[in-house]
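Before any comments, here is the structure.
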Amino acid sequence: QVQLVESGGGLVHPGGSLRLSCAFSGRTDSLTVIGWFRQTPGKEREFVAMIGLGNPRTFYADSVKDRFTISRDNAKNTVFLQMNSLKPEDTAVYYCARNSYYSTAPSNFGSWGQGTQVTVSS
């Protein structure tokens, strides 16, 4: 069982930046993939970005490409999501989750954190 805890959310003005952290514990291996997803009320949870803990390939949703960067620190068991040039439409609860392969489908991820709120507003 892998446990995940998100942190770093908050209120930021449009154009600002935030860095989210996902601290994970429990059993992982070189095939483990950590993904970031986000959800707003009344909408489906959507894929944002993901990274492999072994092979550090990264994937991004088109809506965040060139603005968000996912990275990992395996020594600290932490995955980061650096979010720049934030827009009001980025407002959501952000979740990190674990899977054993690359997938953009939330239903394929079995372990989830509790989420952290990101609000982009002037």
* Is it true that a side-chain atom of His13 and a backbone atom of Val120 form a donor plus acceptor pair closer than 3.5 Å? -> no
* Asked: Do NZ/NE/NH1/NH2 and the carboxylate oxygens of Lys65 and Asp62 come within less than 4.0 Å?
  -> yes
* Approximate separation, where rounding is to 0.5 Å, of Phe68 CZ and Asn84 CG -> 8.5 Å
* Treating Ile, Leu, Val, Met, Phe, Trp and Tyr as nodes and any side-chain heavy-atom pair under 4.5 angstrom as an edge, say whether Val12 and Val48 lie in one connected cluster. => yes
* To do: Please round to the nearest 0.5 Å and tell me the distance separating atom CD of Gln82 and atom CG of Leu18.
  => 8.5 Å
* Minimal non-hydrogen separation, Met83 against Leu86, with atom names -> CB-CD2, 3.8 Å
* Within the side chain of Thr116, is there an N or O that forms a donor-acceptor pair under 3.5 Å with the backbone of Gly9? -> yes
* Asked: Quick one: do Tyr102 and Phe47 end up in the same hydrophobic cluster if we chain Ile, Leu, Val, Met, Phe, Trp and Tyr together by side-chain heavy atoms under 4.5 Å apart?
  -> yes
* Structure fact -> Taking every heavy atom of Trp36 against every heavy atom of Ser21, the minimum-distance pair comes out as CH2-O, 3.6 Å
* Asked: Between atom CZ of Arg98 and atom CE of Met50, what is the distance when rounded to the nearest 0.5 Å?
  -> 14.5 Å
* Asked: Under 4.5 Å between any side-chain heavy atoms of Gln117 and Thr91, yes or no?
  -> yes
* Derivation of the side-chain contact (heavy atoms from CB on, under 4.5 Å) call for Ile34 and Cys22 -> CA-CA 9 Å; Ile34 301 294; Cys22 172; 4.2 Å; yes
* If you take all heavy atoms of Ile70 and Tyr60, which pair is closest and at what distance? -> N-OH, 2.9 Å
* To do: Supply the atom-to-atom distance Asp90 CG to Thr40 OG1, rounded to the nearest 0.5 angstrom.
  => 11.0 Å
* Rounded to the nearest 0.5 Å, how far does CG of Asn77 lie from CZ of Phe24? -> 4.5 Å
* **Under 3.5 Å: donor-acceptor pair, side chain of Tyr95, backbone of Glu6** => no
* How about Phe109 and Phe37: are their ring centroids closer than 6.0 Å? -> yes
* Asked: If you count the non-hydrogen atoms of other residues, nucleotides and ligands that lie under 6.0 Å from CG in Asp29, is the total more than 12?
  -> yes
* Mind checking whether Ser121 and Leu11 have side chains closer than 4.5 Å, heavy atoms only? -> yes
* Asked: How far does CZ of Arg72 sit from OG1 of Thr32, to the nearest 0.5 angstrom?
  -> 11.5 Å
